[in-house]
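Residues take their numbers from the sequence shown, with the count starting at 1.
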Amino acid sequence: MEEGRVNRIPGVLRVSFAVVTLLGSLSLVTWRQSRALESLAGLESLQRQTSLAEAERVELVRTIQALESRVRVVPAARERLGMHLAVTEEMVFLPEVKP
């Protein structure tokens with residue numbers, strides 16, 4: 001009987017080792033997947049922030065273009081600085097100077 005019991009111990013150890021290895025592998029896979037999901041959530045958040053920043057940039061460029069437009073500048077120059085559009089007699093063309 002002693003001999004049968006001695007042969008069982010290595011078998012039990014092998015099965016135990018296999019179960020522990022399987023559980024460890026499953027735990028590692030679960031941990032990796034949870035880390036990947038966290039990284040994906042962070043990436044999506046950054047993409048949303050980038051999209052919002054790009055939309056804000058486009059809106060600011062539109063605002064700058066509207067403020068720089070002739071339609072806006074001419075009336076503002078008249079009102080604030082007393083300027084007017086030059087007529088032909090007021091224009092002076094200077095010759096091109098070459099270095």
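Note that CG of Leu60 is 10.5 Å distant from CG of Leu67, once rounded to the nearest 0.5 Å. How far OG1 of Thr63 is from CD of Glu56: 10.0 Å, rounded to the nearest 0.5 Å. If you take CZ on Arg57 and CG on Leu52, they are separated by 14.0 Å, rounding to the nearest 0.5 Å. From Ser27, atom OG reaches atom CG of Leu22 across 9.0 Å, with rounding to the nearest 0.5 Å. Separation of atoms CZ (Arg14) and OG (Ser16) is listed at 11.5 Å; rounding is to 0.5 Å.
Side-chain contact between Ser69 and Arg72: present, with at least one pair of heavy atoms (C-beta onward) separated by less than 4.5 Å. Phe17 places none of its side-chain heavy atoms less than 4.5 Å from the side chain of Val20. Arg32 has its side chain out of reach of Arg35: every pair of non-hydrogen atoms, C-beta onward, lies at least 4.5 Å apart. Taking the side chain as every heavy atom from C-beta outward, Arg70 and Leu85 approach each other to under 4.5 Å.
Around CD of Glu90, the count of heavy atoms belonging to other residues, nucleotides or ligands within 6.0 Å exceeds 12. Around the CD atom of Glu38, the shell of radius 6.0 Å holds more than 12 heavy atoms that belong to other residues, nucleotides or ligands.
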CA sep, side-chain torsions, deciding dist, call: Leu94, Val92, side-chain contact (heavy atoms from CB on, under 4.5 Å)
CA-CA 6 Å; Leu94 300 174; Val92 176; 4.2 Å; yes
